[in-house]
Asks: 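I have a structure I would like to understand better, so I am pasting it below and will then ask my questions one at a time.
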There are 2 protein chains.
Amino acid sequence: MTRLQGARERARSDITAAIKEEARRQLVKQGADRLSLRSVARELGMVSSALYRYFPGRDELLTALIIDAYDALGVAAEQALAATPDEARRAADPQVHLRRWQAVCRAVRGWALEHPHEYALIYGSPVPGYAAPDATTDPAARTALALIAVLCDARAAGALRTPPSGPPPPATAQADAARLGARLDLALEPWLLVELVSVWAQLFGLVSFELFGHFQRVVDAREEFFDHATARLAYGMGLAGAGDPR
Amino acid sequence: MTRLQGARERARSDITAAIKEEARRQLVKQGADRLSLRSVARELGMVSSALYRYFPGRDELLTALIIDAYDALGVAAEQALAATPDEARRAADPQVHLRRWQAVCRAVRGWALEHPHEYALIYGSPVPGYAAPDATTDPAARTALALIAVLCDARAAGALRTPPSGPPPPATAQADAARLGARLDLALEPWLLVELVSVWAQLFGLVSFELFGHFQRVVDAREEFFDHATARLAYGMGLAGAGDPR
DNA sequence: ACCACGACGAGAGCAGTGCTCTTGCTTTTG
DNA sequence: CAAAAGCAAGAGCACTGCTCTCGTCGTGGT
């Protein structure tokens with residue numbers, strides 16, 4: 001369906017890519033609010049107004065970068081998932097699901113540490129009055145889906161303590177979760193999904209706090225702390241293998 | 001010790017306050033990166049350069065607002081704490097500590113929802129290359145200390161399951177926690193402090209996700225969801241009363 | 001093969017920004 | 001009362017995002 005493009009369209013997509021590339025370069029160097037259309041254009045040897053042939057404005061350029069960032073984090077998570085064998089040793093080793101969980105968590109944190117500005121772009125404060133366009137929601141879901149996959153596989157392998165101890169979610173939350181599960185076509189019980197959503201937010205809370213400097217003079221052994229925290233999150237969801245002490 | 005100020009010093013502090021006030025007004029309206037020195041000055045009927053007599057630059061003005069925001073959130077948390085009786089019915093009602101915990105959590109979320117831009121300022125992405133000056137760390141700690149207080153009181157009242165189930169923290173994290181506990185002069189076991197730090201970050205992860213729009217089309221019953229999540233956080237720390245289902 | 005249309009790059013220009021420097025004025029201080 | 005210090009104002013610099021116009025050049029239809 002992608003018919004051979006003429007020289008013009010080819011040039012267009014090349015230049016669009018070059019713009020995004022240069023913009024990303026500036027982004028990683030100086031952060032989102034220092035990203036300037038003019039300096040991107042300058043660096044590319046064109047005049048600022050020419051840039052508007054490719055992006056309607058600064059916000060749209062940023063949106064493109066946001067989508068790329070979501071995707072990049074998503075593939076990082078997916079790769080971590082793929083790197084740890086799944087079906088193969090199902091039930092053979094009850095610890096495998098915990099390891100997969102932690103692998104994905106580590107991948108998220110690792111990517112964030114490697115791309116702090118891009119992470120801040122997607123999980124920091126939303127820019128000005130900027131409302132995330134729908135185009136961002138799908139890429140944003142990739143990482144969450146990787147986390148979900150771990151739990152689904154563990155569930156299928158019977159590696160989940162169910163239900164986990166602790167207070168049960170309220171009916172409204174379960175209803176939300178049921179809708180979400182239906183939309184994503186998931187085979188998870190609503191209450192489990194509720195916990196997962198909560199854990200999902202909490203995971204990014206850990207990463208954000210570390211990245212945004214709130215652990216300064218509080219936590220020094222960041223990596224060990226993170227691993228421990230994610231293990232506890234897994235334990236809280238009833239992931240077998242996470243656990244019981246000493 | 002604060003001797004009577006001359007008319008000049010009085011005027012100075014008045015104007016400084018007016019600047020911060022107007023700046024905050026613009027902040028709540030349009031967010032941090034739309035805050036402009038010039039428009040603050042304009043609104044105050046002075047010229048932009050005059051503002052530099054009071055703040056060395058835009059960053060310093062922002063820093064002042066950041067400190068104010070930390071303080072405002074801190075008092076919100078402290079008020080929530082003060083509003084729920086503590087020593088009085090110690091051990092009489094084991095649920096009281098859970099209620100206090102949730103009161104503080106709700107106060108944090110409530111303040112965040114009421115002051116989204118100020119929340120974003122302190123818990124969103126740090127501005128450009130901006131490193132939080134030391135002056136911000138103390139106000140920032142107030143909220144955390146309110147959370148800690150709940151746990152300390154619960155601990156003192158013997159309302160804590162100790163140790164909670166789940167994987168124990170690694171030695172390095174416990175060492176960090178021990179240092180932190182010593183610095184703050186706390187009577188909490190290191191492993192408990194480790195959990196608390198983790199829960200602290202996770203709590204703000206929940207608030208940030210809600211505020212920054214990541215719960216769009218995922219969680220509808222935000223308040224119930226939040227209450228449930230914080231109850232589970234409490235349960236994870238072994239707070240009695242948080243608990244055992246059905 | 002031509003030609004009109006559309007995409008394109010360049011440039012000028014507008015309104016706005018943070019920040020600096022100089023110039024006078026006013027208040028405080030010695 | 002005079003000198004010193006604090007202060008507001010204005011002009012100015014180097015930027016920013018964005019718009020509009022004006023030649024140019026590739027492309028699809030006739």
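Throughout, protein chains are lettered first and strands after them, A, B, ... in sequence-line order, and every chain is numbered starting at 1.
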Asks: Would you say A:S39 and A:Q26 are linked by a side-chain donor-acceptor pair, where the criterion is simply a distance under 3.5 Å?
Replies: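 Side chains of A:Q26 and A:S39: pair found under 3.5 Å.
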Asks: Without decimals, in angstroms, what is the distance between A:R12 CZ and C:dA7 P?
Replies: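 One finds 9 Å between P of C:dA7 and CZ of A:R12, rounded.
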Asks: Is A:R24 paired with A:E21 through a side-chain N to carboxylate O contact shorter than 4.0 Å?
Replies: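 Salt bridge: no.
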Asks: Mind calculating the distance between CE (B:M46) and C1' (D:dA8) to the nearest angstrom?
Replies: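 Whole-Å distance recorded here is 9 Å.
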Asks: For A:S48 and D:dG17, is the shortest distance between a side-chain N/O and OP1 or OP2 below 4.0 Å?
Replies: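 For D:dG17, OP1/OP2 do not have a side-chain N/O of A:S48 under 4.0 Å.
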Asks: If you pin A:G57 and B:G45 to their nearest nucleotides in DNA chain D, which one's is more 5'?
Replies: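 Closest to the 5' end, via its nearest nucleotide, is B:G45.
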Asks: Base of C:dG16, side chain of B:R38 - is there a donor-acceptor contact under 3.5 Å?
Replies: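 No.
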Asks: Would you indicate which nucleotide in D:dA9, D:dG17, C:dA10 comes nearest to any side-chain atom of B:V47?
Replies: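 So the nucleotide nearest the side chain must be D:dA9.
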Asks: Over how many whole Å does the gap from B:I19 atom CD1 to C:dG18 atom C1' extend?
Replies: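 Interatomic distance, CD1 of B:I19 to C1' of C:dG18: 15 Å.
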Asks: Do A:S125 and B:Y123 have a side chain donor and acceptor closer than 3.5 Å?
Replies: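 No, no side-chain donor-acceptor pair sits under 3.5 Å.
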Asks: Check nucleotides 22-27 of chain C for protein N or O atoms closer than 3.5 Å to its own N or O atoms and list the pairs.
Replies:
| residue | atom | partner | partner atom | Å |
| --- | --- | --- | --- | --- |
| C:dT27 | O2 | B:R8 | NH1 | 3.0 |

Asks: For B:Q26 and C:dT17, give me the distance from atom CD to atom C1', rounded to whole Å.
Replies: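 After rounding, the gap between these two atoms is 13 Å.
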Asks: Determine, using ring centers only, whether A:H214 and B:F204 are less than 6.0 Å apart.
Replies: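 Not close enough - the centres of the two rings lie 6.0 Å or further apart.
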Asks: From the options D:dT19, C:dC19, D:dC18, select the nucleotide whose nearest atom is closest to the side chain of A:S49.
Replies: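 Nucleotide nearest to A:S49's side chain: D:dT19.
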Asks: Does either side chain, that of A:E195 or that of B:H228, offer a donor lying less than 3.5 Å from an acceptor on the other one?
Replies: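 Judged by distance alone, the side chains do pair up.
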Asks: According to ring-ring contact (aromatic ring centres under 6.0 Å, His included), who are the partners of B:W111, at least two apart in sequence or on a separate chain?
Replies: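 Checked B:W111 against ring-ring contact (aromatic ring centres under 6.0 Å, His included); matches are B:H115.
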Asks: Counting any heavy atom closer than 4.0 Å, what does B:L61 reach on the DNA or RNA strands: base, sugar-phosphate only, or nothing?
Replies: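 No contact.
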Asks: How long is the line joining CG of B:L35 and P of C:dG16, in whole Å?
Replies: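 Checked: the CG to P distance equals 16 Å.
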Asks: Write down the distance between CZ (B:F55) and C1' (D:dC7), rounded to a whole number of angstrom.
Replies: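 To the nearest whole Å, that distance equals 16 Å.
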Asks: Please determine, for the side chain of B:Y52, which listed nucleotide (D:dG17, C:dG9, C:dC19) has the closest atom?
Replies: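 For B:Y52, the side-chain atoms sit closest to C:dC19.
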Asks: Nearest whole angstrom, please: distance from the P of C:dC8 to the CG of A:L44.
Replies: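 Distance, rounded to whole Å: 15 Å.
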Asks: Tell me every residue that passes ring-ring contact (aromatic ring centres under 6.0 Å, His included) with A:F226, counting only those two or more places apart in sequence or in another chain.
Replies: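 With neighbours one apart ignored, the set is empty.
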Asks: To the side chain of A:R42, which of C:dC19, D:dT16, D:dC18 is closest?
Replies: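 When the side chain of A:R42 is considered, D:dT16 is the closest of C:dC19, D:dT16, D:dC18.
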Asks: Round to a whole Å and report the spacing from OH of A:Y54 to C1' of D:dC18.
Replies: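 The distance from OH of A:Y54 to C1' of D:dC18 comes to 18 Å, rounded to the nearest Å.
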